[in-house]
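Following: one structure in structure tokens, then a few remarks.
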Amino acid sequence: MNPLGMMKLKPLFETFCQDHPKFLMFLGAVGGAVDKDSVIEMTLTNSQGQTMKTNIKINDNDIELFQELSKLMKK
């Protein structure tokens, strides 16, 4: 991602976090609990009632990201 794109996302993400504080609390909580082979599942139900679901299995490369997110959320 280019730096200009990152700068554009920053205020959008800050607004998202203000609107949905439990999301950051969740990231902070799972950061210390996630380990290799953990599975994160996401479900979206849109306004028409359609449901979409996906999951990711955490690998060694992902663990550092979650640890750093957890540290940021605790500040």
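Scope of the values below: all heavy atoms of this structure, side chains included, with no hydrogens, waters or symmetry mates. The chain is numbered in sequence order, starting from 1.
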Run the side-chain donor-acceptor check on residues 10-28: report pairs under 3.5 Å with partners two or more places apart or on a different chain.
{"from": "Lys10", "atom 1": "NZ", "to": "Glu14", "atom 2": "OE2", "distance (Å)": "2.5"}
{"from": "Thr15", "atom 1": "OG1", "to": "Pro11", "atom 2": "O", "distance (Å)": "3.0"}

Listing, residues 34-47 side-chain donor-acceptor contacts under 3.5 Å, not counting sequence neighbours, or none:
{"from": "Asp35", "atom 1": "OD1", "to": "Ser38", "atom 2": "OG", "distance (Å)": "2.7"}
{"from": "Ser38", "atom 1": "OG", "to": "Asp35", "atom 2": "N", "distance (Å)": "3.0"}
{"from": "Ser38", "atom 1": "OG", "to": "Asp35", "atom 2": "O", "distance (Å)": "2.8"}
{"from": "Asn46", "atom 1": "OD1", "to": "Gln48", "atom 2": "N", "distance (Å)": "3.0"}
{"from": "Asn46", "atom 1": "OD1", "to": "Gly49", "atom 2": "N", "distance (Å)": "3.1"}
{"from": "Asn46", "atom 1": "OD1", "to": "Gln50", "atom 2": "N", "distance (Å)": "3.0"}
{"from": "Asn46", "atom 1": "ND2", "to": "Gln50", "atom 2": "OE1", "distance (Å)": "2.7"}

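Clustering of Ile, Leu, Val, Met, Phe, Trp and Tyr by side-chain heavy atoms under 4.5 Å joins Met7 with none of the others.
Listed by chain and residue number, nothing satisfies the salt bridge (Lys or Arg N to Asp or Glu O under 4.0 Å) test with Glu64 (two or more places apart in sequence, or in another chain).
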